[in-house]
Every structure is written in C-alpha cells, then in structure tokens.
Amino acid sequence: MLSTAPSQAETKPDQATSNRAEVRKRCFMAATITFNKGLTSQECVIRNTSEGGARIDIDRAVALPTHFELYIPIQQKRLQAELRWRSENEAGIQFRREDKASEAESTQEESAALRRRIKELEAEVLRLQNRILQLTDGAI
C-alpha cells in the first residue's frame, strides 16, 4: 500500500522554504566545498540561491561539517557557509556573515598576537647573541 504522507526527507526542503526570509533564484552552478582547514574538498552543484543561503546537490556519501567554505568559480567567490538541513543528496546552507565589528576585533587580536610573537623572537635573538659571546669569549 502506498502512503500519501510525505517522508521526512521530502518535508525538510519545504520547512526550510517556509522559514526563509528571502526568495531564492534558480540556478545551476558548479561549486566546491572545502573544510578541514582546506585539506578536504567536495564538488557540488548550487540549485538555487539567495542573498542569505542556497540549496546544493551533493553526493549522499559525503559527510558535511556544520561550517565550511563554498567556492563558486564562475563568480570567483568564497563564502563561509553553515549547514542548515540535509536530505539524501541535497543540503540547505546559510551564508555566514562576518560583521565589521567582529572583523576589526579579529584583526586587532591577530595584531596583538603578532606583536607578542615579535617581542618573544627579539628576546630570543638577544639570548642567542649573548650565548654566542659567552662561547666565543667575546672574540667576535
């Protein structure tokens, strides 16, 4: 007997559509998903897209992490993405936006870390120079 009730896999995209604030545009673009610090990549096809997310086709055997990078060669774009739902060979993703404040904070943290590292290296150079002088009895 055939059931007329939709399966869970069939309802997920519809649920995502009803929760979506933006209209998606149909498309057919090749893209590459990268994760694991760029060590792992997987090809996919973008089937529809909006300002805030997309639906992609991907091999069902591929396990996707929650966060990854999506590279779209035709647009030469790299977008940070978050997996929102997964069904068989489809997935819904949301693009993650870094706001200017968090970018500035991140840059400041990186700058502070670099300044600390430079001070550590300068101190190490001074220690090594002193050690060389000790070993050569100041003959340099």
Checklist entry - Where do A30 and P73 come nearest, in terms of heavy atoms and distance? => result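 Answer, listing the atom of A30 first, then P73: O-CD, 3.4 Å.
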
Checklist entry - Taking all atoms of both residues into account, what is the closest heavy-atom pair of S41 and T32, and its distance? => result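 Residues S41 and T32, closest heavy atoms: CB-CG2, 3.9 Å.
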
Under the side-chain contact (heavy atoms from CB on, under 4.5 Å) test, which residues partner [X], sequence neighbours left out?
X	value
A63	none
V45	F28, R47, D57
L121	R117
Q129	V125, L126

Item to check | Whether over 12 other heavy atoms sit under 6.0 Å from Q76 CD | outcome: no

Of all residues at least two apart in sequence or in a different chain, which pass the salt bridge (charged side-chain N to carboxylate O under 4.0 Å, His left out) check with [X]?
X	answer
E122	none
R26	none
R127	E124
E69	R78

Checklist entry - Under the 4.5 Å side-chain heavy-atom rule for ILVMFWY, direct or indirect, which residues accompany L114? => result none

Checklist entry - With ILVMFWY side chains joined below 4.5 Å, transitively, what does I46's cluster contain besides itself? => result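 Under the 4.5 Å side-chain rule, I46 groups with M29, I33, F35, I56, I58, V62, L64, F68, L70, I72, I74, L79, L83, I93, F95.
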
Next on the checklist: Distance check, rounded to the nearest 0.5 Å: Q94 atom CD versus Q80 atom CD?
Outcome noted: 13.0 Å

Checklist entry - What's the spacing between C44 SG and R55 CZ if we round to 0.5 Å? => result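 Reported value, rounded in 0.5 Å steps: 12.0 Å.
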
Item to check | side-chain hydrogen bond (donor to acceptor under 3.5 Å, both in side chains) against R131, all qualifying residues, sequence neighbours excluded | outcome: Q134

Item to check | Sequence-distant partners of N36, side-chain hydrogen bond (donor to acceptor under 3.5 Å, both in side chains), two or more places apart | outcome: T40

Checklist entry - For H67 and R96, what are the C-alpha separation, side-chain angles and deciding distance, and is it a side-chain contact (heavy atoms from CB on, under 4.5 Å)? => result CA-CA 9 Å; H67 297 94; R96 295 181 3 209; 2.4 Å; yes

Checklist entry - Would you say the side-chain atoms of S87 pair up with the backbone N or O of E90, donor to acceptor, closer than 3.5 Å? => result no

